[in-house]
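Everything below concerns the one structure shown next.
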Amino acid sequence: MISPISITIDDIDSAANQFLNPTIFDLNFGSITNNDNFVYVGTNSGDIKVIDLANKVQTSLEKTGSEHRRSTKSFAVKTGVELEVLLDKHNEEVSCIKATSDNNYLVSGSYDGTVKYWSLYNKTVISSMDLHSPVNSIDISSNNEFIAAGTADGIVHLWVFEKNQAFQLTGHAGGVTKVAFTNDCRYIVSVSEDTSCRIWNVQERAEYKSLVELGVISFFQLTEDSKYIIAISEYIFVQIYNIETCQTSSREGNAAQITCLAVSKDSEWVVTGSNDNLLVVFYINETEKKLTYEGHNGEVLCVDITNDNRYIVSASYDCTMRVWDATENNKQVYQFDGNEAHNKYIKICCDNRFIICGSYDHRIRIWSTEELGKEKVLRGHAGEVKHLIVTRDNKFLVSAGSTDNTIVVWNALNNKREASLTSCEAEVTALALSSDSSYLISASKDEKLQMWKFDDLKKGPTVKDIHAKIIILQIALDNLQVVAASVEHKIHIWNLLDPEYEAVLSGHTDTINALLLTTDSQKIVTASRDNTLRVWSLERPREIFILKGHEDHAFCLQLTRDNEFAISGGDDSNIIIWNLITYELVSTLKGHKNEIKCLQLTRNQQFIVSGSNDKTIRIWNFYERIQVCVLRGHERRVLSVEITNDDKYIVSSSDDGTVRIWNFDERRQERLLKAHESVIHCLKISSDDEFIATSSKDQSIKIWKIDDVIVRPQFSINGMQGIKIYGYDSGILNQIYIKKLTSRQPPDDTMIAAVIGPMKISLLHYYCYFDLVEHVVKAQEMGALIFRDNFGRSPLFYAMSRKSRRCLDLLLNDIIFCKNYDTLEQSMHALRDDIIKVLDSHSTQIVPFLEAIFRKRDDDDYILFAAPKGELPITKFSHTILPRIEDFICDQEEQTNETEFLVQMWTSPLSWNFQNGSRESIKFLKAIIECPIIEIYETPFIKSIIRLKWDSFYYFNLFLTFIYAMNIVFLSWILSLNGTADIGLFIAYWIINVLLMAYEVFQMYSSGWGYFLSAINYHDIVRLALSFTWSIIGATGNFYDGLSFFTVIANFLRGLVYFRTFDKTRFYVRLIIRAAFDTVTFLMILLYSTFGFAVLYVSATNRFDIESAWKASFELDMGGFANDGFDWAEYSTFTLASILNVILMLNLLISILGKSFDDFQQSQVSMDTKEMLDVVIEFESLMFWARHRGSRTYLQKLDYFKQNKRDKKEGKTQVLEDEFERLKNFLRDIQAEKAEYIKKKVSEQINDKFTQFDKRLMALERQMQSQEGRLNDKLQAILTSVQSVQASYGQ
């Protein structure tokens, strides 16, 4: 492939010097076969020469009289070499050449008026037709039934070859310069020297339409889909004519004469070259869109487009050939220098491996691009390659299945053909290689089985007539038996040691899609279109068991290494796991939306990987029978999946012609290989993970070295402290990339998807490390993804490590506003170990980030009417990122008496070990409680996690609450008996407190020294000491009022905390605590004022008893006093105390408590969640045995559909918030109107300024013209004077 990454300076220089010097002849016209194997060239002398790009020998065949002389010489060319063959001559110059679509025949036209039909196998003329006028153009219909020729006498000749009938289509008034068939073979389009373009009906042999509206046509081309005629009118205008609708649209072309034209393979756009050195791209269905390419220093002579429509190749009068990016305006990829003459035409062929140029110096130059690409292309089959095998030693590949009836052995080390086995007389339908690579066995459509000794392929095969059409072939691991499946739905068994032995097993009633042998060579397992799997005995050929479970065709099959389980995938979209010992259905895995086409097991047997017609690849946990993740990227059905032996990468192929490499751990696409132009039949990975091989319907086999496409050689550069940067090759574009990176230039399209070296460091990693905020913004705008490097670190890690708050906020914003859930999954998988650091960062984006990672799923599968399994919302931790809806809703049997609701799933793509008591769970919970941003408790993600954990501890919490309630009951009971309590009450009280003490000891053991960091734990120690002391003394019949007082206070205060157990009282507990803290300063003032009035009372009554005065001050406040005998001073004290301490202080207290209530209501949800979190952390800290338990899980919730219910806020705060929101919206509207007004005024002023400037400029131009005229007059006068002086002097 021509690729920016592939082209290097050394490669270009080498390729530029590899033109075919031995092939020097007068070039006139050339053609290339559809399989790109041969180039046909006509010459001025009437010769036709053939260039074979596959062989490495040049052969010249010349005709002298009746003898042929063959001369052969070898020469080295970088990737393709020429085989030149000289065919029989025309009498005059060959004007046109065309090969049939099956590459078997060639048609040539000449100025001698003849058209010749050649056989390319024996190099002879089959038929010849004399048209009596020079032939300017020929074309062959796509079905190879018709030949059209345009001649200088204005006639279009139609030749029906099989019937040997010729017809003349007349109407042109001048010579026909070009003819072309539409792809459906219904019409011929012709252009004449009379400047007309006409469409002819092939079946009716008559003119269909004359396109006079196109004007004077210079030349034209049909689109690949034959819907449009692209005509160049008067060498300037591009006319687009729709053949179906007969409508014409025009594009204003290049400013100068158009010299060449090419149409993209997808029929979407057209590129033209002109003599003003420019290339212009026009889009057929988009009138306004246009791209321009500038760079040539001479007239553009010819142009072509690569098969993938990614690149344009142009050649110019400046003797250069340039490659342009077809997706970006004026972007040159590279420039090829080295031509000694101007190129007459360019053709890109052989899967973009060669650029063939014909030049005016009578030479053909073949520019090789194959070595510049990452893949090696093996060609040799004349049809699609359906079978591909890699030998166990990874040295050879074996391919077959083509209509050429051949089996080809390739050397995987040098990518050369090792052997071609052509003894098959029919198409190969199945191919197998023994495990020790001793035997190669094939089955063909002629019902024969052929066996070769692989180390002696030249000896030829052993042939066996089997009287069955085999479609699947397997060799047992003991290399003694061959097992096959036939189209007759039968199993055939042959013994390699006994040629006469054959066993036939019947049972299936439809096509057998898959057949596998157990590793002990004891059993055969088959999967069929009859919806069943069957297990057969290989040792004693017979059917053992029928496995029924699929509702549609069973298509693919895998066996575990221990032969205990079989895994099948079917057209019913289900994967079924079967036990091959008990022959029971173990589990059915549901998730795919369409037929399953392929299955693989990882080497550690832990995961299943499946590919489906739903375009997805899914990973399943084999042991837990759950879906782990979904990989999306293929545009069509997935046909094959393979896994590297280290289980690090998944490789998949698809109908879309691509091979994609996925990072297994990171669950993201690692590399996209645009492998083939058609369906990929086979995908293989070598056992040493050295290369990937594919075969396709496009007749090619391609090989990629895994190190080239995944891991790159190291190329260190400087600049990143603490981290080494590696480049992936020494190509010029990579060097430019490294230079841009180290010079800290803004990112561009060539950089955005790249990673640096085997450490997989992305642009975001680099930019976050160096705090390049503007670069991060630009990279995000261009679609840069968040993923982890091979150190296991995400860009967020580097942003936080370098304390780059701005980069951190940008990355969090990227996740917050991510609309694509697949991209969100990938990003959160990369951040799975960074969530603690994010909470510790105290970023202002934490709240929206936490809201963004727990979302409603809008997929149709997750919005449905169903009866939930319990009260909504239902929240769970799941091991699968995709919810199992059956875990949340009742099935048909369970929901008979249940009410259905419209429900919707919530999911989070963040995985964490939420196992109660695990180290990770406690770490996560402590990070939440230490985060100073209180709003995080209101996010659905945090609320759901804490509520789920709270519910899991509910009964244990209820038990503790009950124990403490009993403690209060027995304490009150003992006190109420006034020292007459029975010893049994004290024993019960002691048992309760022993349980509470054991709880504290357990806490102390689990938490270690952290236990003493909590104030409430000190309270528990004091309470236990008081309780035991009081009860022991009380049991002896002695009670001390002070000890009883403090024991009751300590117990009742601690008991208040246990009201947190209940949702309806938890709020008031926190409110009491909050109010107590808020009234501390008020109580200080109250005590001060009370003490002041006590002193004032002492001074008024002349009784210097402070204790009595203190009591009297409270009596004044509370009304417990006698006013008899009050004098004026006492009445004044009473009045002041009433006003200040009762009226003023009471109103102040009400105001303080009212504000506390409003403030608490505002943060009610947060405080409630935080209260639960405190209890959860306390309980999880006790579970020391679970520190290393658990695994990563995902949070999932089922709730009412679109339930946007938020917690209500009461009081003045809510009113103020609503009013503030209304005012903010009002101000926003005002600002928008003001901005629009200012914008309008500024625009008007700018327009006025430009108008004034234009007027001044025009006035200045008039003055300059006037001055120029005066100056010319003066110069003319001077010239006249000089001439007169010269004349006088001459005289």
Which of these passes side chain to side chain donor-acceptor pair (under 3.5 Å) with Ser652: Gln600, His634, Gln669? His634
Any donor-acceptor pair under 3.5 Å linking the side chain of [X] with the backbone of [Y]?
X	Y	result
Gln780	Leu810	yes
Ser695	His681	no
His765	Ser762	yes
Asp614	Lys593	yes
Ser573	Asn594	yes
Asn513	Ala554	yes
Thr306	Tyr311	yes
Thr616	Arg618	no
Asn574	Lys590	no
Ser827	Ile815	no

Suppose we screen for side-chain contact (heavy atoms from CB on, under 4.5 Å). Which residues come up paired with [X], at least two apart in sequence or across chains?
X	result
Glu774	none
Asn813	Ile816, Phe817, Gln845
Glu595	Asp571, Lys597, Asn613

For [X] and [Y], which heavy atoms make the closest approach, and how far apart are they?
X	Y	value
Arg637	Lys615	N-CG, 4.3 Å
Ser568	Leu599	C-CD1, 3.6 Å
Val641	Val609	CG2-O, 3.9 Å
Leu601	Phe607	CD2-O, 3.3 Å
Leu764	Pro795	CB-CG, 3.7 Å
Cys807	Val773	SG-CG2, 4.1 Å

Option from Ile706, Leu673, Ile643, Ile685 for which side chain to side chain contact (heavy atoms under 4.5 Å, CB included) with Val651 holds: Ile685
Side chain to side chain, [X] and [Y], heavy atoms closer than 4.5 Å:
X	Y	value
Leu397	Ile703	yes
Leu291	Trp269	no
Arg660	Arg671	no
Ile786	Asp814	yes
Val630	Ile617	no
Ser908	Tyr1194	no
Phe854	Trp906	yes
Glu268	Asn309	no

Could you check whether [Y] and [X], counting side-chain N and O atoms only, form a donor-acceptor pair closer than 3.5 Å?
X	Y	result
Ser794	Asp834	yes
Ser399	Trp410	yes
Asp698	Ser678	no
Ser843	Asp809	yes
Arg1192	Asn913	no
Thr694	His676	yes
Thr907	Tyr821	yes
Ser610	His592	yes

side-chain contact (heavy atoms from CB on, under 4.5 Å), that's the test. Do Asp833 and Phe797 meet it? Break it down for me. CA-CA 9 Å; Asp833 294 330; Phe797 173 87; over 6 Å; no
Are the charged groups of Asp665 and Arg788 less than 4.0 angstrom apart, N to O? no
Supply the atom-to-atom distance [X] [atom1] to [Y] [atom2], rounded to the nearest 0.5 angstrom.
X	Y	atom1	atom2	result
Thr1193	Trp912	OG1	CH2	11.0 Å
Leu388	Ile701	CG	CD1	5.5 Å
Ser1191	Phe877	OG	CZ	12.0 Å
Ile835	Ile846	CD1	CD1	8.5 Å
Leu683	Ser640	CG	OG	5.5 Å

Looking at residues at least two apart in the chain, or sitting in another chain, which of them share a side-chain hydrogen bond (donor to acceptor under 3.5 Å, both in side chains) with Asn329? none
Check whether Tyr767 forms a cation-pi arrangement with Arg802 (NZ or CZ under 6.0 Å from the six-membered ring centre, at most 45° off the ring normal). no
Does the pair Trp662 and Tyr649 meet the rule for a side-chain contact (heavy atoms from CB on, under 4.5 Å), with working shown? CA-CA 5 Å; Trp662 312 84; Tyr649 297 98; over 6 Å; no
Angle between ring planes, Phe914 versus Phe924, binned at 30° and 60°: parallel, tilted or perpendicular? perpendicular
Could you please spell out the steps behind the side-chain contact (heavy atoms from CB on, under 4.5 Å) verdict for Ile577 and Leu589? CA-CA 8 Å; Ile577 301 174; Leu589 307 179; 4.2 Å; yes
Tell me every residue that passes salt bridge (Lys or Arg N to Asp or Glu O under 4.0 Å) with Lys386, counting only those two or more places apart in sequence or in another chain. Glu427
Under the salt bridge (Lys or Arg N to Asp or Glu O under 4.0 Å) test, residues paired with Arg667 that sit two or more places apart: none
Determine, step by step, whether Ile853 and Leu850 satisfy the side-chain contact (heavy atoms from CB on, under 4.5 Å) criterion, reporting the C-alpha distance in whole Å, the side-chain angles of both residues, the deciding distance to 0.1 Å, and the verdict. CA-CA 5 Å; Ile853 64 174; Leu850 292 173; 4.1 Å; yes
Apply salt bridge (Lys or Arg N to Asp or Glu O under 4.0 Å) to the pair Lys876 and Asp887, showing each step before the final yes or no. CA-CA 9 Å; Lys876 293 178 182 290; Asp887 294 340; over 6 Å; no
